[in-house]
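Numbers restart at 1 for each chain; the letters A, B, ... are given by sequence-line order, proteins then strands.
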2 protein chains.
Amino acid sequence: MKVGIFGSGRVGQTIGSKLATLGHEVMLGTRDPAKLTDWLAQTGGKARVGSIAETAAFGEILINATKGSASLSVLAQAGESNLEGKILIDLANVLGNPPDDATILVVANTDSLAEQIQRAHPQVKVVKACNTIGVGVIVDPRRLADGEHVMFICGNEAEAKAQVTELLTSWFGWRHIIDLGDLTKARATEMYIVIWITLLRKFGTPLFNINIVR
Amino acid sequence: MKVGIFGSGRVGQTIGSKLATLGHEVMLGTRDPAKLTDWLAQTGGKARVGSIAETAAFGEILINATKGSASLSVLAQAGESNLEGKILIDLANVLGNPPDDATILVVANTDSLAEQIQRAHPQVKVVKACNTIGVGVIVDPRRLADGEHVMFICGNEAEAKAQVTELLTSWFGWRHIIDLGDLTKARATEMYIVIWITLLRKFGTPLFNINIVR
């Protein structure tokens, strides 16, 4: 499968490397290709780097792994015809920039980044997922409690959510993906990141997640 | 122990009944005592009802179980000398009023209700706790997974947090209370309530909680 990933940071790189290892065709899209020279060398020719528009055109499925504060300006370069009808898995978190405002969200409560992206690009199918979990756990959920913990997903199209659920299950081995409903539920998962980062600092590791007890 | 609980709703009533059953002296404080006639009858004389100021004066420890949208105006009636030096366990959630705005918080992101209360009443020791959990689980954590799930606590005074942790353990049987840090961390736990209420609606029951998987 051709996967286009927006973002040159650790999240995009880690997911890109994992998907390349799994045999998928991967392009990382960035406004600054020089940042990805080392990453590209490590993938041994199994992945490529492109502009934002090239990545949008390349991917059969798209992943937003940019910083939440940059997502809208990055995606504005994608080109609407390149996005048309595709699924965009939005895993960006909306924290500000460390260190001062790293627990202040750039959008919260009455709106969410996922909804902003959906409004800006009505022809793409935004599915919010993965944003409540560190990337080391996203790509390998069974490293914690044999995968007995949860990911939340939301979006306006049931079929798109079902596809993303299937992909995350087959790619990474996710067992417990909870559909919270339409894209307004991204407010809930995006605000959760503040408790996640508080726990990250307390534990000193991003290798944790939550499970639901009933 | 004399416990003063602000709030006439189900949360205050349930905690008040439980504490009375455990042999504590309980007063529920409300601006509308008539709301508590039935509850008072059910407690069989083990509890009492008072004004906000009477309840603040009565309690050796205080609990804010009012609606978040009403907490500041209720506590304004407590009388500063009645609050002086006491611990206030703030378990209010900051959701708006159902049905329309029940997932919009009255304060979020750059401030929290707990911080607002602390600023308004600097002589009380605010400890945020219990606000991420339904009251049926708060008073009986072992009804879920034998108590293997978490409560978050935060506040500016270590000793006050230690006392609240001890109380919640001895009163209700809590096993896993995680200290998130100072009172700014209430932003994290208060924003978490949006995912909680989303799950409540999905599951159709408040009898759930989260556990941390590491």
Trainee: Relative to chain A, which segment of B:F203 carries a heavy atom at a distance below 4.5 Å: side chain, backbone, both, or neither?
Mentor: both
Trainee: Counting heavy-atom pairs under 4.5 Å to chain B, which of A:I197, A:V150, A:L199 comes out on top?
Mentor: A:L199
Trainee: Run the numbers on B:L180 and B:I153 for side chain to side chain contact (heavy atoms under 4.5 Å, CB included), then give the verdict.
Mentor: CA-CA 6 Å; B:L180 293 179; B:I153 193 172; over 6 Å; no
Trainee: How long is the straight-line distance from CZ of B:F208 back to CG of B:L200, given to the nearest 0.5 Å?
Mentor: 5.5 Å
Trainee: Please give me the minimum heavy-atom distance between B:L91 and B:I63, naming the atom from each residue.
Mentor: CD2-CG2, 3.7 Å
Trainee: Please report the interatomic distance CD1(B:I15) to CD1(B:I138), rounded to the nearest 0.5 Å.
Mentor: 5.0 Å
Trainee: I need the minimum non-hydrogen distance between A:A20 and A:V26, along with the two atoms involved.
Mentor: N-CG2, 3.7 Å
Trainee: Which of the residues B:I193, B:V194, B:V213 is involved in the greatest number of heavy-atom pairs with chain A at under 4.5 angstrom?
Mentor: B:V213
Trainee: Pull every donor-acceptor pair under 3.5 angstrom between chain B and chain A and give the atom names with distances.
Mentor:
residue : atom : partner : partner atom : Å
B:L105  : N    : A:N109  : OD1          : 2.7
B:L105  : O    : A:N109  : ND2          : 3.0
B:N109  : OD1  : A:L105  : N            : 2.7
B:N109  : ND2  : A:L105  : O            : 3.0
B:D179  : O    : A:K202  : NZ           : 2.8
B:K202  : NZ   : A:D179  : O            : 2.8
B:N209  : N    : A:V213  : O            : 2.9
B:N209  : O    : A:V213  : N            : 2.7
B:N211  : N    : A:N211  : O            : 2.8
B:N211  : O    : A:N211  : N            : 2.9
B:V213  : N    : A:N209  : O            : 2.7
B:V213  : O    : A:N209  : N            : 2.9

Trainee: What pair of heavy atoms forms the shortest contact from A:G16 to A:L28, and how long is it?
Mentor: CA-CD1, 4.2 Å
Trainee: What heavy-atom pair brings B:V139 and B:G136 nearest, and what distance separates the two atoms?
Mentor: CG2-O, 4.0 Å
Trainee: Heavy-atom distance under 4.5 Å to chain A: side chain of B:L207, backbone, both or neither?
Mentor: backbone
Trainee: Please determine whether side chain to side chain contact (heavy atoms under 4.5 Å, CB included) holds for the pair A:L62 and A:L83, giving the CA-CA distance in whole Å, both sets of side-chain angles, and the decisive distance to 0.1 Å.
Mentor: CA-CA 8 Å; A:L62 302 172; A:L83 297 175; 3.6 Å; yes
